[in-house]
Amino acid sequence: IIIIPLWFAVPMMLQQVFNLFTSSQSMNFESIISYIFPTASEKFVSQLTVTLSSFVGKITSAALEYLNSVFLEISVHPLY
């Protein structure tokens with residue numbers, strides 16, 4: 001009884017996380033960081049931009065992998 005809602009919910013969650021991932025790739029973190037730290041050096045802003053972009057990419061990638069594995073487990077063992 002729990003599997004049926006998950007069967008429909010997991011693909012929607014995968015799509016939402018993928019949309020977040022693609023949106024984060026086009027996001028301008030440099031302007032956000034410059035707004036938060038207006039007196040920061042260009043080097044600091046650049047390094048923090050790379051770090052933040054990498055962090056968001058890794059988090060969304062891990063979430064996609066996790067949801068994908070959950071979906072595949074439901075597909076392989078539907079009634080267990």
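Considering CE of Met27 and OG1 of Thr49, their distance stands at 12.5 Å, rounded to 0.5 Å. To the nearest 0.5 angstrom, Tyr66 atom OH is 15.5 Å from Ser61 atom OG. Annotation: the span from Asn19 atom CG to Thr60 atom OG1 amounts to 11.5 Å, rounded to 0.5 Å. Taking CZ of Phe29 as the start and OG of Ser54 as the end, the distance is 10.5 Å to the nearest 0.5 Å. For the atom pair Ser53 OG and Lys58 NZ, the distance stands at 10.5 Å (nearest 0.5 Å). Here OG1 of Thr39 is found 9.5 Å from CZ of Phe44. Values are rounded to the nearest 0.5 Å.
Both Leu48 and Ile32 are assigned to one and the same hydrophobic cluster, defined by single-linkage of ILVMFWY side chains at heavy-atom distances under 4.5 Å. Hydrophobic cluster membership differs between Val50 and Ile33, with clusters built from Ile, Leu, Val, Met, Phe, Trp and Tyr side chains linked at under 4.5 angstrom. Hydrophobic clustering (ILVMFWY, side-chain heavy atoms < 4.5 Å, transitive): Val56 and Ile36 are in one cluster.
Checked by atom type and distance alone, the side chain of Ser26 pairs as donor or acceptor with a backbone atom of Ser23 at under 3.5 Å.
Looking at heavy atoms from C-beta onward, Gln47 lies out of side-chain contact with Glu42 at the 4.5 angstrom threshold.
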